[in-house]
Visitor: 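Submitted below is the structure of interest, expressed as structure tokens.
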Amino acid sequence: MNYDFREIEAKWQKIWADKQTFKAENHSDKPKYYVLDMFPYPSGAGLHVGHPLGYIASDIYARYKRHKGFNVLHPMGYDSFGLPAEQYAIQTGQHPADTTKVNIEGGVDKEGNKIEGYRKQLDRMGFSFDWSREVRTSDPKYYKWTQWVFIQLFNSWYNKDTDKAEPIESLISIFEKEGNVSTNAVCDEDTPIFSQADWKNYSDTEKQRLLLKYRLTYLADTEVNWCPALGTVLANDEIVNGVSERGGHPVIRKKMTQWSMRITAYAQRLLDGLDKVDWPQPLKDSQTNWIGRSEGAEVEFSIKGSAHKIAVFTTRPDTIFGVSFMTLAPEHDLVSQITTPEQKAEVEAYVEATAKRSERDRMADVKTISGAFTGAYAEHPFTKEPIPVWIGDYVLAGYGTGAVMSVPCGDQRDYDFAKHFNIPIPNIFEGIDISKEAFSDKATTVITNSDFLNGLNYKVATSKAIAELEKLGQGKGKINYRLRDAVFSRQRYWGEPFPVYYVNGMPQMIDEKHLPIKLPEVEKYLPTETGEPPLGNATVWAWDVKKNGVVSNDLIDHKTVFPLELNTMPGWAGSSQYFNRYMDPHNEDAIYSPEAINYWQDVDLYIGGSEHATGHLLYSRFWQKFLFDKGVAPKDEFAKKLINQGMITGTSAFVYKLLYEITQTYEHYDKKEVVDFHTEIINRNPIFVSQSIRNRLVDPDNLDDFQNLTPEIQEVLDEIKEKVIEKFPRTKVIRVDLDLRKNFAIPLHVDVGFVNASDELDEKAFKNWREEYSEAVLVAGEDGTFKVSREVEKMSKSKYNVVSPDAICEEYGADSLRLYEMFLGPLEQSKPWNTAGITGAHGFLKKLWKLYFEESGIKVTDEAPSAESLKTLHKTIKKVEEDIENFSFNTSVSTFMICVNELTAQKCSSRSILEPLAILVSPYAPHIAEELWEQLGHNESIATVPFPKFEQKYLVESSKEYPISFNGKMRFKLELPMDLSKEEIEAEVMAHEKTQAQLQGRTPKKVIVVPGKIVNIVG
RNA sequence: GCUCGAGUGGUGGAAUUGGUAGACACGUUGGACUUAAAAUCCAAUGGACAUUAGUCCGUACGGGUUCAAGUCCCGUCUCGAGUACCA
């Protein structure tokens, strides 16, 4: 009987689906275990071999936990709102819902391309997902609850006294009793102070406007990152190096009315919570940096001849006597108000110039120092000296107060600015030379020239300065965070609509019981002509408060029918709670039942990519903490343990195209005919050379450098010349030469499917690939083979280096793929894909199969196992169990290989060894394990069979082969009984002839004996 | 620039609290079987010298601790990831 993986895998995938083998119950006597993968965005390109890496690891763990007696929740779903589907809709007019459905369920797209569909691809790899719990973020039944969370956030404020979110009603009742004078709440910077009487007198609209300054999600005019190419705003985490993460388009600053999430209220708790979770340190670090807590002081400077005050944030209040100027961000509100008439023109020109520059431009030349003097002077709080106030774009509007007290001697940026504009640089550091650069080492700071701070170190001076500022009422200690509130509006179609309508310009929440508010149909997915978001194209998009339903825009009368919000929610809205929704995914009355979440609690193991560090994983923690405050979630951190799987990169293949030119004299022939023929020859006969030829032609370190022409190439050029001569026999002079003007050996990606494990190109496949290559000339190397060169790059369609899991499953089977992906190396490490090695994993499965079967059928017997086989089995159990617990999946694959190699050598056919072995293998290679289990005579699935128990007694050794070292170098091995004492071992070793040979008569200075380990002889 | 991580054969990678460096697999070479190929099986495979024994060198580089260092400490270099005028 042969190992027919195609039949076996199809058979078991069907049985698992039919019998719902992996359905998880919300009630169980077993302990719970929740294993989660980051759900994918279903793109039209489908999965490549890099995607399943994390899924395979989590599946192994989930299966292992079932063997260990846990009730395992292992769900999967789709993050199905998103930009690519919308861009595709704009191009083709197809509804994103339709294309998304095809991408998930399979089918044919409008261009006639067959799409396999994510679901089929996933099923093929034998994952033990509970598909009955699938969620899709774009499903109204799902986004109903995304909208619900939004409403809860809107109806909450953050009470700093209790340090949690509370219902907005409690804030209103405080305002009614005492105004906001003593309210300790997180709110907008510009929130005015009002009394109980003020509150009473405010109009309804005014009250709503004020409440927006406290709500955890709020509508406000904010400086946003506007991406004109995408036609939408972006959050900070969606911008990489000043351009959009998706597409790499430029981003500019713009003031817009947008929904924001008051995530800053949770800044400290988001930091503190990191200590409670077992997440990778780099990920924690990047969240910590992103939140960016810094301790310091807020200091107020009054402005001479003005009632305005400038507030600055500084981490170095100890250097306050070193202030020689102040700098405001060009966008700072005070700029226009304090600028003197003489400086007005210069300042305005500067402000305008900076506004025009994109974020990227500003980042690109951080070295260019620019700024303008406002003409205004602030007053030093202690010396009362005047301090010139400048503006400069090195001060960011979005951080701190958007203004700094500039201490050039202690801060390099201030120093550079001062040097550039000839501003004095007073030195306040004892014994430090500041003629070349600023001094910022806190540890060795001793303050001088600073009145009451003289002689103090950083720490003491800081607290003293803060205390003195407090006495003056001009400052206080403050903790500042880099984290900004997150913009939550997107000017896009394919996202969750807000459950919001507008009365008198004030947002109103639609009552929960009318959710979901479904996306309206639109004709076009582009912004409207008036620049409104795509939902502005909808004709039925108004809210009728009488009917409680969406009605035609024609009916808007601002009395009972009002306009609905035109923005949609950002990509991370749907992913911020999906892990909880899986616990009770079909609940229509609540986001999930208390029973479900109290049973499942939180995610025990979460696996996904590290690129979500400051996006999804921060927002999800924020929402979780909010729902925890609301009493909806029992845990304030949603995932106990998180692992970032590494990326699988592609191994691109290249051939080199040689450029050449044909020259000839024109006698007897028409010039045009000649030139056309040359062009045709060059187009029809492109020359490609293999790597070795390229390396002889070109200096590999300098690709423009021609070295020498090889005979092979000369031959090819001569052949082409022959063709030209044939066509124009009477021509006197014909030359065919390489075009050496520039990089003449151009590397071109070729499909990795045309290349075998030895990097040899399938020339036929290559020529058939493209019409223009059909008569290509391929110049092989000296050994007669045409070899491509290879380079590791990100897997992508455009680089022709994508390897699909379907092809691997077809050729080697899912079990081989699973084993091989794990075998590649540690889970967290990124590594290049190389199909060649998969034969090793596949060969292992064949060898495993052969332990159970011979030609005629199963060969497993009830014979008692040998001591050797028992030892092999138990050391495998021990190692595999340790490996899985440590997520070291690559080493357990090796362990299996060793085990099977040993059992084969031992000719083991004993049931009491081979049954447990099938269970051990089953998390990794579940199909073959199920088949073996059934063939061994079992009727139930192997999935929940208890994991074999390790027994130390089988590993007890009676002797040990000691490595005998001389001065730390192992020279020979000596088999000795385990029960010898140190002295006995030493005596045995010293008496050995090889020891004497090594010593050559010398007397050892020292003999180190570690029983059971090693013997080292020194001297 | 800052923060974090990593450097081991031709390749992917092993190596538990410091204790036999290179497990396992790929690739390569030789051999068996076969008309042939595939598949399968056997052997060799870090480098150099010796080709029997053996010796020397080897975990990015330079030092150090130790009977013993891939592993611990100090310094340097390279690569990767994140972040970047954050006051």
Side-chain angles (χ1 to χ4, degrees), chain A residues 2 240-242 280-290 292-294 296 312-316 319 327 362-363 365-367 369 392-396 398-407 410-414 416-417 440 480-484 610-611 613-614 644 646-647 651 757-759 819-820 823-826 828-841 843-844 846-847 850 879 882 886 888 890-899 901 961-973 997 1004-1010 1012-1019:
Chain A
N2 279 326
V240 177
N241 294 328
Q281 197 55 43
L283 195 153
K284 288 186 181 183
D285 291 344
S286 72
Q287 290 208 350
T288 305
N289 291 337
W290 192 262
R293 177 191 153 110
S294 51
V312 301
F313 175 74
T314 175
T315 55
R316 296 297 302 272
T319 63
T327 317
R362 252 166 104 162
M363 282 165 65
D365 63 356
V366 294
K367 284 187 192 88
I369 295 160
D393 70 356
Y394 81 96
V395 177
L396 303 176
Y399 183 74
T401 60
V404 299
M405 58 175 222
S406 303
V407 183
D411 183 291
Q412 194 58 44
R413 292 155 305 170
D414 295 343
D416 295 340
F417 195 87
S440 58
N480 204 38
Y481 298 92
R482 197 186 80 123
L483 183 70
R484 304 287 83 199
S610 54
E611 66 273 21
T614 50
N644 291 130
M647 195 172 48
T651 318
S758 317
D759 293 345
L819 279 169
Y820 183 55
F823 188 60
L824 276 175
E828 300 89 336
Q829 235 169 67
S830 79
K831 52 229 149 191
W833 176 263
N834 179 1
T835 307
I838 196 162
T839 52
F844 158 74
K846 285 193 200 163
K847 273 191 230 167
K850 279 191 185 160
K879 178 85 173 113
E882 283 169 4
N886 294 319
S888 172
N890 55 324
T891 49
S892 35
V893 178
S894 305
T895 305
F896 287 135
M897 289 173 171
I898 294 167
C899 174
N901 288 348
E961 195 179 34
Y962 280 91
I964 312 299
S965 313
F966 292 81
N967 298 318
K969 282 175 191 150
M970 201 277 290
R971 290 303 175 196
F972 64 93
K973 290 172 192 170
K1005 285 191 198 118
K1006 206 171 176 186
V1007 179
I1008 312 265
V1009 178
V1010 185
K1013 286 246 162 157
I1014 199 168
V1015 176
N1016 191 16
I1017 297 162
V1018 186

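Convention: sequence-line order gives letters A, B, ...; per-chain numbering from 1. Side chains included, hydrogens not; waters and symmetry mates left out as well; all remaining heavy atoms used.
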Visitor: Using a heavy-atom cut-off of 4.0 Å across all strands, would you classify A:Gln412 as base, sugar-phosphate, or nothing?
Guide: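 The residue A:Gln412 makes no contact with any strand.
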
Visitor: If I pick the P atom on B:rG46 and the same atom on B:rA25, what distance separates them, to the nearest angstrom?
Guide: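 It comes out at 15 Å once rounded to the nearest Å.
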
Visitor: Taking the ring of A:Tyr481 and the ring of A:Trp290, is the distance between their centroids below 6.0 Å?
Guide: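 That pair fails the under 6.0 Å test.
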
Visitor: Using Watson-Crick or G-U wobble pairs with both distances under 3.5 Å, give me RNA chain B in dot-bracket, 5' to 3', with [ ] for crossers and | for pairs to another strand.
Guide: (((((((..(((......[....)))((((((.......))))))((((....))))..(((((..]....))))))))))))....

Visitor: Classify A:Lys973 by what it touches in the nucleic acid, base, sugar-phosphate, or nothing, heavy-atom distance under 4.0 Å.
Guide: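 Base, at least one base atom sits under 4.0 Å.
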
Visitor: Mapping A:Asn890 and A:Ser286 to their closest nucleotides on RNA chain B, which lands nearer the 5' end?
Guide: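 Closest to the 5' end, via its nearest nucleotide, is A:Asn890.
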
Visitor: Just checking A:Asn901: base, sugar-phosphate only, or nothing, at a heavy-atom cut-off of under 4.0 Å?
Guide: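 Here A:Asn901 touches the backbone only, sparing every base.
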
Visitor: Nearest whole Å is fine: how far is B:rU20 P from A:Ile964 CD1?
Guide: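 A:Ile964 atom CD1 is separated from B:rU20 atom P by 13 Å.
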
Visitor: Grab the CZ-P distance between A:Arg971 and B:rA21 for me, whole Å please.
Guide: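 Rounded to whole Å, this separation is 10 Å.
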
Visitor: So what does A:Val1010 touch, heavy atoms closer than 4.0 Å: a base, only the sugar-phosphate, or nothing?
Guide: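 A:Val1010: base contact, heavy atoms under 4.0 Å.
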
Visitor: Need one value for A:Ser294: base, sugar-phosphate or nothing, where a base atom within 4.0 Å counts as base even if backbone is also close, heavy atoms only.
Guide: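 Sugar-phosphate: the residue A:Ser294, judged by heavy atoms under 4.0 Å, touches backbone atoms but no base.
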
Visitor: How many Å lie between CD1 on A:Ile898 and P on B:rC24, as a whole number?
Guide: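 Rounded to the whole Å, the gap is 6 Å.
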
Visitor: Which part of the nucleic acid, if any, lies within contact of A:Ile1008, taking any heavy atom under 4.0 Å across all strands shown: a base, the sugar-phosphate backbone alone, or nothing?
Guide: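 A:Ile1008: base contact, heavy atoms under 4.0 Å.
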
Visitor: Calculate the interatomic distance between A:Tyr394 atom OH and B:rC85 atom C1'; express it in whole Å.
Guide: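 In whole Å, B:rC85 C1' and A:Tyr394 OH are 9 Å from each other.
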
Visitor: What form does the base of B:rG30 take, syn (within 90° of 0) or anti?
Guide: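 That one's anti.
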
Visitor: Can you find a donor-acceptor N/O pair under 3.5 angstrom joining the side chain of A:Lys1013 to the base of B:rU20?
Guide: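 Counting by modelled atom types and ignoring angles, no donor-acceptor contact under 3.5 Å is found here.
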
Visitor: Taking atom C1' in both B:rG22 and B:rG12, what distance in whole Å separates the two?
Guide: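 One C1' to the other, the span is 13 Å.
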
Visitor: If only side-chain N and O atoms count, and only distance matters, is there a donor-acceptor pair under 3.5 Å linking A:Ser406 with A:Thr327?
Guide: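 There is such a pair between these side chains.
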
Visitor: Between A:Lys847 (NZ) and B:rC24 (P), how many Å, whole number?
Guide: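 Going from NZ in A:Lys847 over to P in B:rC24 covers 10 Å.
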
Visitor: A:Lys1006 has an atom NZ; how far is it from atom P of B:rC67, in whole Å?
Guide: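 Rounded to whole Å, this separation is 5 Å.
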
Visitor: Using atom CG of A:Asn289 as one end and atom P of B:rA84 as the other, report the distance to the nearest whole Å.
Guide: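 Rounded to the whole Å, the gap is 10 Å.
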
Visitor: Under 3.5 Å, side chain of A:Asp411 to main-chain N/O of A:Asp414, donor-acceptor pair present?
Guide: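 Present.
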
Visitor: With under 30° as parallel and over 60° as perpendicular, where do the rings of A:Phe966 and A:Phe972 fit, or are they tilted in between?
Guide: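 It falls in the tilted class, 30° to 60°.
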
